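So you know, we letter chains A, B, ... as the sequences are listed, proteins then strands, and number each from 1. Keep in mind that this is a model prediction, so the values were computed, not measured.
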There are 2 protein chains.
Amino acid sequence: MATIIGYKLRRAQLYVFQDFLETFSRLKLRPAEFSVLTIIANTPGLKQSEIAEMLGIKRANFVALMDGIEKRGLAERRKADTDRRSHSLHLTPQGTKFVRKMAAVWAEHENRMIARLGGPEERDRLIELLDRLLGTPEN
Amino acid sequence: MATIIGYKLRRAQLYVFQDFLETFSRLKLRPAEFSVLTIIANTPGLKQSEIAEMLGIKRANFVALMDGIEKRGLAERRKADTDRRSHSLHLTPQGTKFVRKMAAVWAEHENRMIARLGGPEERDRLIELLDRLLGTPEN
DNA sequence: TATTGTTATACTCTATAACTATA
DNA sequence: TATAGTTATAGAGTATAACAATA
């Protein structure tokens, strides 16, 4: 196939997301929800629009995503008293438990991908090359 | 971000596709159309469903895609006389000219990506790692 | 006047079922 | 009966405009 980089990148991304989807089907969790919960767990109190922007999700589309997470009792919106227009996001106690399970399931998925690559060093090489494409200076 | 491989892969793929889209906006060509024209140019006479499968596109969704390409006069469906259910796909003379222009525009895009990676050797390393994920044995 | 979250809407991709014409 | 192409349709994901509450 001709447009080598873009085409292979897309195929590989679809493969990894497919494995993610199957691995996480028991938790009924999609990649976007996984990312949101991970960020809330690591940095509680961020505003909706901050998390949306970190993930490249339009804030309008973030609403339904967050509705689902909140309806499942995993995280909640709190009116910030410094700026009462914004909602700061926090895990519920149940969400904290869920994130622990989630992390274990994630390790299973990620280890499978690392094994396909040939080990952690190869994973690091891949991440470094992807960071070059993204112009991210080492993070 | 936690789900490192999948997340970075997705971000990098979106970046490359964005560059592709901008580069090809003058030709009004999407990645899927590019792929289809490239395959028809390299292997004329394949059936619709063969090309669709090579690209991971459902044959039902291939119809509108091919309609657009045909309407632009770049390629055409021909009834195969061995099996008159199937359509074999061929470039038109105009399509052959278009594919030449397309290849030049593609080189511009691909070279920009290769430069970001740090050169052709780094591109090769990336492709090799992506092939490992895909389980493709060296191609 | 500008920003945050929200609603409504539209467009693209993708997936499935059912039809037709051929085999 | 099975297959290639087709149609219709539904679901995600994504993008924009406009509104209410608040700044």
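- If you measure from atom CD of E50(A) to atom P of dT3(C), you get 14 Å, rounded to the nearest angstrom.
- R10(A) comes within 4.0 angstrom of sugar-phosphate atoms only, judged by non-hydrogen atoms across all strands, and of no base.
- dA21(C) atom P lies 16 Å from atom CD of Q48(B), rounded to whole Å.
- Q13(B) contributes no side-chain N or O that, together with a main-chain N or O of Q13(A), makes up a donor-acceptor pair within less than 3.5 Å.
- Not one side-chain nitrogen or oxygen of R30(B) sits closer than 4.0 Å to the OP1 or OP2 atom of dC11(C).
- The nearest whole Å value for the distance from the CG atom in D67(A) to the C1' atom in dA12(D) is 16 Å.
- For the atom pair CD of E76(B) and CG of L91(B), the computed distance is 9.0 Å after rounding to the nearest 0.5 Å.
- Not one side-chain nitrogen or oxygen of S86(B) sits closer than 4.0 Å to the OP1 or OP2 atom of dT3(D).
- Between N61(A) and V63(B), the residue whose closest nucleotide on DNA chain D is further toward the 5' end is V63(B).
- Salt-bridge annotation for E122(A) and R125(A): present, with a side-chain N of the basic residue lying under 4.0 Å from a carboxylate O of the acidic one.
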- Task: Could you encode protein contacts along nucleotides 17-23 of chain D as a string, one character per nucleotide from 5' to 3', using B for base contact, S for sugar-phosphate-only contact and - for no contact, with a heavy-atom cut-off of under 4.0 Å?
- Result: B---BBS
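- Judged by distance alone, the side chains of D19(B) and T23(B) do bring a donor and an acceptor atom under 3.5 Å apart.
- Using a 4.0 Å cut-off, no side-chain N or O of K58(A) falls inside it from OP1 or OP2 of dT14(D).
- In this structure, a donor-acceptor pair under 3.5 Å is present between the side chains of R77(B) and Q48(B).
- Of the possible polar contacts, one joining the T92(B) side chain to the L74(B) backbone as a donor-acceptor pair under 3.5 Å is found.
- For the pair L21(A) CG and dA12(D) P, the interatomic distance rounds to 11 Å; values are reported in whole Å.
- When rounded to the nearest whole Å, the span between CG of L65(A) and C1' of dA12(D) equals 12 Å.
- Using a 4.0 Å cut-off, some side-chain N or O of K47(A) falls inside it from OP1 or OP2 of dT4(C).
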